[in-house]
Number of protein chains: 2
Amino acid sequence: MISQSPEGVDQLAVRLISQGSRFARTASRRAGEQRSLIALRVLANLQQEGDLRVGELARRETISQPAMTATVNRLEEDGLVARAADPADARAAIVRITDAGGAELEAFRMRAAAGVRPALEALGEDDLAVLGRAAALLQQLADRLNDR
Amino acid sequence: MISQSPEGVDQLAVRLISQGSRFARTASRRAGEQRSLIALRVLANLQQEGDLRVGELARRETISQPAMTATVNRLEEDGLVARAADPADARAAIVRITDAGGAELEAFRMRAAAGVRPALEALGEDDLAVLGRAAALLQQLADRLNDR
DNA sequence: GGAAAGTATATACACGGTCTATGTAAATCG
DNA sequence: CGATTTACATAGACCGTGTATATACTTTCC
């Protein structure tokens, strides 16, 4: 029996924040990742969604616009993304992922998967299904929190 | 049918890292949290486990010992934790949570819960159960990744 | 069509958070 | 008891992030 009382829901919120951040940090570190998780998420966004503006990237990842400008600068210096002028709006900077950026993203995915796989493989199918569904729910929740 | 092929498990690892970090950041920001998630996790650790050494805190949270020293310094400056000498080992510094630290932790929990509750309440019981189980699994996975 | 307001991005500056390398003191071991 | 190991702190460097502000462009409204 799952409690839907405020206490239950509130405890769940805190646990998800706390355990989500700890897991992401631990797993990323275990993958030997140098780049920030934000930078990797920017690459993933660009790969999935196509070219995006700096402001749109900042909005999606819930960091400030200057922070995103700095992130894009670092990625651009390393050749992982490229800036282009928006033909429809000369103020805007359109960010595009480069081939090198795609390769870097793929390399991270391999390293992360290799680092976490042993722990995941110890789980049963039921638990893997739970985690798969949870990943989708976390995305949905973050989207919803982001909208307002 | 859940695929247990390497591809499925590997994609799951990457999604959990990516969505876990994004959700934690988005929700924490929405709660208007100033303090870092690491600092909050330190307070939570101390509250749940009792007094802990600096090195033990660093090990649990998978950050370097100097980083944990700095985190404890900041918490100590704000009066949220206190250092004490270990009677059994004069090298060690035992960290204890103060009343103010407990209050701060509780305040964060309230803010975080209030921020996330609307999104959680839109979910059904099944999804809440999935998230509850997932939080426990993420903790277990992080523990396991941490052990080696 | 021109001034005022709004929007997209960049820059400046400050500080927190993290790392590696190293220092210091205490405990342990041979 | 001397050498090694352990626990923590300090030093120095750099990334990541925020707020405040500047710059350039676009939109709106007489």
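Sequence lines set the chain letters: A, B, ... in the order given, protein chains first and strands last, and positions in each chain run from 1. Since this is a predicted model, take the numbers as computed values, not measurements.
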Inset, instruction - Provide, to the nearest angstrom, the distance between the CZ atom belonging to B:Arg59 and the P atom belonging to D:dA7. - result: 11 Å

Legend entry - Side-chain donor/acceptor of B:Arg74 to backbone N/O of B:Arg35, under 3.5 Å: no

Legend entry - Presence of B:Ser36 side-chain N/O under 4.0 Å of C:dG16 phosphate oxygens OP1/OP2: no

Inset, instruction - Please determine, by modelled atom types, if B:Arg83 and B:Asn73 share a side-chain donor-acceptor pair under 3.5 angstrom. - result: yes

Legend entry - Rounded distance (Å) that lies between atom C1' of C:dT9 and atom CG of A:Leu57: 13 Å

Legend entry - Pair of N/O donor and acceptor under 3.5 Å linking C:dA10 base with A:Gln65 side chain: yes

Inset, instruction - Could you tell me which non-hydrogen atom of A:Arg144 sits nearest to which non-hydrogen atom of B:Ala122, and how far apart they are? - result: NH1-CB, 3.0 Å

Inset, instruction - Classify the nucleic acid contact of B:Arg25 as base, sugar-phosphate or nothing, counting any heavy atom under 4.0 Å across all strands shown. - result: nothing

Inset, instruction - Using only heavy-atom distances, determine whether the side chains of B:Asn146 and B:Thr62 contain a donor-acceptor pair under 3.5 Å. - result: yes

Legend entry - Contact residues, residues 69-86 of chain B to DNA chain D [heavy atom, < 4.0 Å]: B:Thr69, B:Arg83

Legend entry - Nearest-nucleotide comparison on DNA chain D, the residue closer to the 5′ end among A:Ser64 and B:Glu56: B:Glu56

Inset, instruction - Please tell me which of the listed nucleotides, C:dT18, C:dA27, D:dA9, lies nearest to the side chain of B:Ala67? - result: C:dT18

Legend entry - B:Asp89 side chain, from C-beta outward: closest of C:dA8, D:dA7, D:dC8: D:dA7

Legend entry - Length of the CZ-P vector between B:Arg91 and C:dA25, whole Å: 14 Å

Inset, instruction - Provide, to the nearest angstrom, the distance between the CD atom belonging to B:Glu33 and the P atom belonging to D:dT17. - result: 16 Å

Inset, instruction - Apply salt bridge (Lys or Arg N to Asp or Glu O under 4.0 Å) to the pair B:Asp10 and A:Arg117, showing each step before the final yes or no. - result: CA-CA 7 Å; B:Asp10 288 355; A:Arg117 193 185 302 134; 2.8 Å; yes

Legend entry - A:Val116/B:Leu16 under side chain to side chain contact (heavy atoms under 4.5 Å, CB included): CA gap, chis, key distance, verdict: CA-CA 10 Å; A:Val116 180; B:Leu16 286 174; over 6 Å; no

Inset, instruction - Could you state the atom-to-atom distance from CD of B:Glu61 to P of C:dC19 in whole Å? - result: 12 Å

Inset, instruction - Measure across A:Ala58 and A:Gln65 and return the closest heavy-atom pair with its distance rounded to 0.1 Å. - result: CB-CA, 3.9 Å

Inset, instruction - Rounded to the nearest angstrom, tell me the gap between atom CG in A:Leu52 and atom C1' in C:dT9. - result: 15 Å

Inset, instruction - Check the distance between C:dC19's C1' and A:Arg35's CZ and give it to me in whole angstrom. - result: 16 Å

Legend entry - Atom-pair distance (CE on A:Met68; C1' on D:dT19), nearest Å: 17 Å

Inset, instruction - Check every atom of C:dA27, C:dC19, C:dA10 against the side chain of A:Pro66 and return the nucleotide holding the closest atom. - result: C:dA10

